[in-house]
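Residues: numbered from 1 along the sequence shown.
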Amino acid sequence: MAELIANENRENITKINNKINRIKVVLVMNDHAHLFFRSTQKHLGALNAEYEKLRQLRLDQCSSLKLQWETYQHEQKNNRRKDVEKRQAEFDKELKLMDKESRKDWKIQKMRKEKKKEICTLLIDKLTNDITIETRATAVNDENESIVICHVHDRDPIDTSLVIIPHHLLELFWSIEVDIPIMKSEIPNTINTLQKLVSET
């Protein structure tokens, strides 16, 4: 709308300038022809009127340009605000997704730590309280649920008794990446390692 008014003002200004030029020509001709003073005054009045119209149109044109500029600024401000709001919404959405993934990972890590702690506690209990002493002849039995120490009767001063661990407990050792005790003498170190893992989790 403002642009349409500005274009119309420009056309009117051009028309008035043309009319002013024609009046100037008439005044020059009158001066050369030594016409009456009244005729000259009439044309001067017309010239002044056209200049007044021209002044008003230029004021209107300035107002129109100012309105156009203010409209443009308002539109740009709204567009920037909408763009900022859109970017903020996208950022908030992305942040929520990241937070959701982070919480999910944290829960998984927490579950893993809790599970690891349970496994360590169970193995400590098995190595401390659920041990059966057997002879070499009777030790190897797949149905054993307890840890079996196969006692070796020899004259070696070092205790080389073998530790036989059921398969389901072996898998627990593997799952927490703890070395499996092979000899009876390794059990205390294994228990210490498991207790350390429990305290860390």
Side-chain angles (χ1 to χ4, degrees), residues 1-123 171-178 193-201:
M1 184 63 181
E3 188 175 355
L4 182 63
I5 293 173
N7 290 334
E8 186 177 348
N9 284 341
R10 279 195 292 270
E11 292 176 2
N12 290 333
I13 288 171
T14 302
K15 290 178 182 178
I16 290 173
N17 277 326
N18 291 336
K19 192 172 183 179
I20 288 172
N21 289 331
R22 288 197 297 271
I23 294 172
K24 285 181 178 179
V25 170
V26 171
L27 285 172
V28 171
M29 290 175 64
N30 285 347
D31 185 55
H32 286 203
H34 304 288
L35 296 178
F36 294 105
F37 177 74
R38 183 180 295 176
S39 177
T40 302
Q41 285 294 101
K42 178 183 176 181
H43 286 94
L44 282 174
L47 184 62
N48 288 334
E50 294 303 322
Y51 271 123
E52 179 61 26
K53 289 180 183 178
L54 183 62
R55 185 186 70 83
Q56 188 59 47
L57 281 172
R58 283 178 174 167
L59 286 174
D60 292 343
Q61 188 179 38
C62 287
S63 298
S64 176
L65 290 173
K66 182 181 178 183
L67 179 61
Q68 276 184 284
W69 174 246
E70 289 174 349
T71 302
Y72 171 78
Q73 284 185 314
H74 182 70
E75 290 175 351
Q76 289 300 310
K77 185 178 180 180
N78 285 339
N79 289 338
R80 285 194 295 270
R81 179 177 55 79
K82 289 178 182 178
D83 186 57
V84 169
E85 289 175 352
K86 182 181 177 182
R87 290 177 181 272
Q88 185 63 43
E90 290 174 352
F91 177 76
D92 290 342
K93 184 178 179 181
E94 186 176 350
L95 195 63
K96 285 181 180 178
L97 287 174
M98 290 174 63
D99 183 61
K100 185 178 179 181
E101 289 298 321
S102 178
R103 287 177 178 274
K104 184 179 178 181
D105 291 341
W106 179 80
K107 286 180 180 179
I108 292 173
Q109 291 295 330
K110 185 178 179 182
M111 288 174 63
R112 286 176 179 171
K113 287 183 177 180
E114 289 176 352
K115 185 66 176 177
K116 188 173 184 179
K117 187 174 182 178
E118 290 176 7
I119 291 172
C120 290
T121 303
L122 174 64
L123 291 176
E171 290 180 346
L172 295 180
F173 275 105
W174 294 328
S175 68
I176 58 174
E177 299 180 347
V178 172
T193 300
L194 292 169
Q195 288 174 337
K196 184 177 179 181
L197 288 175
V198 169
S199 63
E200 289 175 354
T201 54

- Given the rule in the side-chain contact (heavy atoms from CB on, under 4.5 Å) test, do Arg81 and Lys77 qualify, once you have shown the distances and angles that lead to the verdict? CA-CA 6 Å; Arg81 179 177 55 79; Lys77 185 178 180 180; 5.7 Å; no
[atom1] of [X] to [atom2] of [Y]: how many Å apart, nearest 0.5 Å?
{"X": "Phe91", "Y": "Met98", "atom1": "CZ", "atom2": "CE", "answer": "8.0 Å"}
{"X": "Leu194", "Y": "Phe173", "atom1": "CG", "atom2": "CZ", "answer": "5.5 Å"}
{"X": "Ile119", "Y": "Arg112", "atom1": "CD1", "atom2": "CZ", "answer": "12.0 Å"}
{"X": "Asp92", "Y": "Leu97", "atom1": "CG", "atom2": "CG", "answer": "11.0 Å"}
{"X": "Asp83", "Y": "Gln76", "atom1": "CG", "atom2": "CD", "answer": "11.0 Å"}
{"X": "Lys96", "Y": "Arg103", "atom1": "NZ", "atom2": "CZ", "answer": "12.5 Å"}

- Query: Is the backbone of Lys117 close enough, under 3.5 Å, to the side chain of Thr121 for a donor and an acceptor to pair up by distance?
  - Reply: yes
- Between Asp99 and Leu95, is there a donor-acceptor pair closer than 3.5 Å when you use the side chain of the first and the backbone of the second? no
- For the residue pair His74 and Asn78, establish whether any side-chain heavy-atom pair is separated by less than 4.5 Å. yes
- Task: Answer whether the closest heavy-atom distance between the side chains of Ile176 and Leu123 falls below 4.5 Å.
- Result: yes
- Item | Worked check of side-chain hydrogen bond (donor to acceptor under 3.5 Å, both in side chains) between Gln56 and Asp60 | CA-CA 6 Å; Gln56 188 59 47; Asp60 292 343; 3.2 Å; yes
Other residues, nucleotides, ligands: >12 heavy atoms within 6.0 Å of [X] [atom1]:
{"X": "Glu94", "atom1": "CD", "answer": "no"}
{"X": "Arg87", "atom1": "CZ", "answer": "no"}
{"X": "Gln73", "atom1": "CD", "answer": "yes"}

- Message: Does Arg55 form a salt bridge (Lys or Arg N to Asp or Glu O under 4.0 Å) with Glu52? I'd like the steps, not just the answer.
- Response: CA-CA 5 Å; Arg55 185 186 70 83; Glu52 179 61 26; 2.5 Å; yes
- Query: Yes or no on side-chain contact (heavy atoms from CB on, under 4.5 Å) for Leu54 and Arg58, after CA distance, side-chain angles and deciding distance?
  - Reply: CA-CA 6 Å; Leu54 183 62; Arg58 283 178 174 167; 3.8 Å; yes
- Item | Lys82 and Glu85: CA distance, side-chain angles, deciding distance, salt bridge (Lys or Arg N to Asp or Glu O under 4.0 Å) verdict | CA-CA 5 Å; Lys82 289 178 182 178; Glu85 289 175 352; over 6 Å; no
